[in-house]
Asks: 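Handing you a structure now.
Along the sequence shown, residues carry numbers from 1.
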Amino acid sequence: MEVAGTTTFAKEAVEDLAARKGLGERGYYQGTAQLQREPENPVNPHAVSVIVNGERVGCLPSYASEDVHLPVGVSQPVHYQLHILREQKLLAKAYVWLGDGEPEWAYSRENPPALTAGQRINSSHAEKSAMVREALARGGARAAQFRRGMVDGVHYLELIEPIKQLKREGRFEEALVLCYKAIEGAEGDAGDSIPAPGYTEQAAIVHRKLRQRDEEIAVLKRWLARCPKTLRAGSGIAERLAKLEAK
């Protein structure tokens with residue numbers, strides 16, 4: 001389980017730990033941590049701290065803290081691993097093993113997790129593509145569902161990062177092509193339900209950057225046409241359209 005707070009509230013403690021262990025610019029550490037309840041935590045009274053060498057180096061994610069059997073005042077030893085990368089600032093991810101026996105880490109010294117923004121983007125894209133290909137390979141109802149969301153051999157979930165990258169590079173016309181492929185895929189996946197709105201919102205943003213008001217209105221209306229009237233009023237897309245048409 002990934003440790004929360006590694007580069008936020010526990011950043012200084014993690015930096016001190018990395019320095020004490022001599023981790024350098026790209027480092028890896030594996031050892032033992034202690035889990036302890038934090039009943040006085042102002043944000044989450046069920047919080048569980050992760051402590052290494054007496055320093056709080058993070059905490060368990062809030063969704064998991066209530067499920068851990070750990071009375072107040074009791075420490076539970078767990079396996080701990082830390083990956084760091086020093087660029088302009090410290091980038092770090094840490095994990096604890098909550099299962100029985102020896103840990104079966106998802107990452108290792110030779111196979112570290114994505115730490116930089118670029119690595120995270122590539123990793124996210126690779127994970128989505130792998131998920132799609134695995135579902136298609138297994139066949140059955142799940143494969144049929146994924147096929148409904150495919151356009152030109154690509155599932156719309158695989159277009160998220162390419163669209164963002166093209167926008168970052170200012171290649172807006174190319175981004176729009178992918179946006180509309182993603183919109184078509186989302187509509188196919190939704191069937192008679194409401195398509196995922198994110199791709200419509202991305203297309204609208206790009207149209208606005210290109211000063212294409214009519215096209216922006218059209219793509220917003222395309223999504224709203226698939227949305228029941230009872231749900232339109234409270235949607236961000238309906239609000240955006242209303243502002244556009246009021247100008």
Side-chain angles (χ1 to χ4, degrees), residues 1-38 40-44 46-65 67-68 70 73-131 133-134 157-158 160-170:
M1 179 175 294
E2 184 171 350
V3 177
T6 304
T7 56
T8 53
F9 65 82
K11 179 181 179 180
E12 290 186 6
V14 171
E15 288 182 328
D16 290 343
L17 174 61
R20 289 198 305 273
K21 301 300 180 181
L23 300 191
E25 292 185 3
R26 165 61 102 168
Y28 171 82
Y29 167 74
Q30 182 174 328
T32 301
Q34 301 290 327
L35 300 184
Q36 291 183 1
R37 286 283 177 196
E38 227 186 313
E40 297 181 0
N41 187 299
V43 177
N44 178 15
H46 301 289
V48 176
S49 291
V50 179
I51 299 172
V52 177
N53 298 144
E55 295 287 338
R56 181 173 177 251
V57 293
C59 65
L60 296 187
S62 57
Y63 69 83
S65 58
D67 296 332
V68 174
L70 183 65
V74 175
S75 292
Q76 176 183 327
V78 291
H79 294 280
Y80 171 86
Q81 72 166 198
L82 172 67
H83 300 265
I84 72 157
L85 176 64
R86 295 184 185 277
E87 291 191 329
Q88 295 180 343
K89 60 181 181 179
L90 179 73
L91 304 175
K93 282 186 178 292
Y95 304 86
V96 291
W97 178 259
L98 301 181
D100 297 327
E102 289 300 308
E104 298 177 11
W105 300 114
Y107 302 104
S108 64
R109 185 191 303 273
E110 295 74 24
N111 177 38
L115 293 176
T116 68
Q119 290 172 346
R120 290 196 297 271
I121 290 170
N122 292 336
S123 177
S124 174
H125 182 65
E127 288 174 1
K128 288 183 175 66
S129 293
M131 176 184 66
R133 302 309 151 194
E134 180 183 359
L157 292 176
E158 298 177 88
I160 297 172
E161 296 304 336
I163 289 170
K164 290 181 179 178
Q165 183 61 35
L166 289 171
K167 287 174 59 184
R168 283 191 289 267
E169 294 174 2

Asks: For the residue pair Thr32 and Val78, establish whether any side-chain heavy-atom pair is separated by less than 4.5 Å.
Replies: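 With C-beta onward as the side chain, the pair stays apart.
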Asks: For Ser49 and Glu38, does a side-chain donor sit closer than 3.5 Å to a side-chain acceptor?
Replies: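 Per modelled atom types, Ser49 and Glu38 side chains form a pair under 3.5 Å.
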Asks: Side-chain contact, heavy-atom cut-off 4.5 Å: Arg26 with Pro112?
Replies: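 Answer yes - side chains close enough.
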Asks: Can you label the angle between the Tyr107 ring and the Tyr95 ring as parallel, tilted or perpendicular, going by 30° and 60°?
Replies: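 Rings of Tyr107 and Tyr95: tilted, 30 to 60°.
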Asks: What I'd like to find out is whether the side chain of Pro61 reaches to under 4.5 Å of the side chain of Glu2, using heavy atoms alone.
Replies: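 The answer is no; the side chains never approach within 4.5 Å.
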Asks: Nearest heavy-atom pair of Ala47 and Asn41: which atoms, and what distance?
Replies: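 For Ala47 and Asn41, the tightest heavy-atom pair comes out as CB-ND2, 3.7 Å.
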Asks: Quick one: OH on Tyr80 to CG on Asn53, what's the gap to the nearest 0.5 Å?
Replies: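 That separation rounds to 10.0 Å.
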Asks: Rounded to the nearest 0.5 Å, how far apart are CD of Glu102 and CH2 of Trp97?
Replies: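 CH2 of Trp97 is found 10.0 Å from CD of Glu102.
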Asks: Nearest 0.5 Å, please: how far is SG in Cys59 from CD in Gln36?
Replies: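 Result: 13.0 Å between the selected atoms.
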Asks: Show your reasoning for whether side chain to side chain contact (heavy atoms under 4.5 Å, CB included) applies to Val50 and Leu35.
Replies: CA-CA 5 Å; Val50 179; Leu35 300 184; 3.8 Å; yes
Asks: What's the shortest heavy-atom distance between Ser62 and Ser65, and which atoms?
Replies: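 Looking at all heavy atoms of both residues, the shortest contact is O-OG, 3.0 Å.
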Asks: Check whether any side-chain heavy atom of Val3 sits under 4.5 Å from a side-chain heavy atom of Val96, and report yes or no.
Replies: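 Contact flag for Val3/Val96 side chains = yes.
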Asks: So which atom in Pro77 and which in Ser75 form the shortest heavy-atom distance, rounded to 0.1 Å?
Replies: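 Minimum heavy-atom contact is CD-O, 4.0 Å.
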Asks: Atom CG in Leu85, atom NZ in Lys93: separation rounded to 0.5 Å?
Replies: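 Taking CG in Leu85 and NZ in Lys93, the distance rounds to 12.0 Å.
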Asks: Can you tell me how far apart CD (Gln76) and CG (Leu70) are? Round to the nearest 0.5 Å.
Replies: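 CG of Leu70 is found 5.5 Å from CD of Gln76.
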Asks: Tell me, yes or no, whether the heavy-atom count around Glu169 atom CD, taken from other residues, nucleotides or ligands under 6.0 Å, exceeds 12.
Replies: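 Above 12, so yes.
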Asks: Test side chain to side chain contact (heavy atoms under 4.5 Å, CB included) on Leu82 and Ile84 and set out the steps.
Replies: CA-CA 7 Å; Leu82 172 67; Ile84 72 157; 3.8 Å; yes
Asks: How about His79 and Gln81: does a side-chain donor come under 3.5 Å of a side-chain acceptor?
Replies: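 Note: His79 and Gln81 side chains miss the donor-acceptor criterion.
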Asks: Tell me whether Arg86 contacts the main-chain N or O of Leu91 through its side chain, where contact means a donor paired with an acceptor under 3.5 Å.
Replies: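 Such a contact is absent between Arg86 side chain and Leu91 backbone.
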Asks: Going from CD on Gln30 to NZ on Lys21, what distance comes out if it is rounded to the nearest 0.5 angstrom?
Replies: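 One gets 12.0 Å once the value is rounded to the nearest 0.5 Å.
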Asks: Looking only at heavy atoms, which two atoms of His83 and Ser108 are closest? And how far apart?
Replies: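 Reported closest heavy-atom pair: CE1-O, 3.3 Å.
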Asks: Can a donor-acceptor pair be found, under 3.5 Å and without considering hydrogens, that links the side chain of Arg37 to the backbone of His46?
Replies: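 Such a contact is found between Arg37 side chain and His46 backbone.
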Asks: Donor-acceptor pairs under 3.5 angstrom involving side-chain atoms of residues 10-20: please list them, not counting sequence neighbours.
Replies:
none

